[in-house]
Amino acid sequence: MSPNVIVGSHFQIARCSHGSRELPNCRPHECKRAPRKDKTAMRDRKPDTVIIPPHKYDLERLPFAKRLLELRPGECIWPINDGSPFLFCAAKTAGKYCQHH
């Protein structure tokens, strides 16, 4: 039996026990909502970011770096900068990453 069959059977029994086809007019107990957290405190909080300085090898590879769409199979896909646009190592490799990465 599926869960829907069980629930449907339960409601049929509940209707029959009250003597009418309509469900009894009863309200579920009033639920109290949990107090909301102060949203201003969340806006003021800055994420704890750790900035890792670039490795010497990554700085040497930067002139040869490529964008993601420019990478070909057999080139390293390790990101070597931190954005706008992201540049990747692009060193020759047999897998996804070069021997250094």
Side-chain angles (χ1 to χ4, degrees):
M1 293 175 76
S2 72
N4 290 336
V5 172
I6 295 170
V7 171
S9 300
H10 172 72
F11 280 115
Q12 285 179 354
I13 293 169
R15 281 189 204 147
C16 293
S17 66
H18 291 295
S20 68
R21 292 196 161 265
E22 296 179 10
L23 289 175
N25 188 10
C26 60
R27 294 183 131 193
H29 65 282
E30 296 293 325
C31 297
K32 293 184 179 179
R33 291 186 178 185
R36 291 187 177 186
K37 294 181 180 177
D38 186 18
K39 290 187 177 183
T40 57
M42 294 301 289
R43 276 189 250 142
D44 295 339
R45 184 177 173 213
K46 295 181 181 175
D48 299 330
T49 56
V50 177
I51 298 174
I52 301 171
H55 194 271
K56 182 180 174 185
Y57 179 80
D58 293 341
L59 293 175
E60 292 171 0
R61 289 294 309 164
L62 200 55
F64 306 105
K66 295 181 179 180
R67 293 182 180 182
L68 183 62
L69 295 175
E70 297 168 349
L71 288 175
R72 299 196 180 273
E75 292 180 338
C76 180
I77 60 170
W78 186 268
I80 59 173
N81 69 343
D82 58 354
S84 195
F86 283 103
L87 298 174
F88 298 86
C89 177
K92 299 296 178 195
T93 182
K96 291 184 177 184
Y97 304 105
C98 64
Q99 185 177 5
H100 179 76
H101 293 120

Check residues 94-101 and write down every donor-acceptor pair under 3.5 Å in which the side-chain atom is one partner and the other belongs to a residue at least two apart or another chain.
{"residue": "His101", "atom": "NE2", "partner": "Asp58", "partner atom": "OD1", "Å": "2.8"}

Handout entry: Hphob cluster co-occupancy, Leu59 + Ile80, side-chain heavy atoms under 4.5 angstrom
Key = no
Under 3.5 Å donor-acceptor pairs involving side-chain atoms of residues 67-77, not counting sequence neighbours:
{"residue": "Glu70", "atom": "OE1", "partner": "Arg67", "partner atom": "N", "Å": "3.1"}
{"residue": "Glu75", "atom": "OE1", "partner": "Lys66", "partner atom": "NZ", "Å": "3.4"}
{"residue": "Glu75", "atom": "OE1", "partner": "Arg72", "partner atom": "N", "Å": "2.9"}
{"residue": "Glu75", "atom": "OE2", "partner": "Lys66", "partner atom": "NZ", "Å": "2.9"}

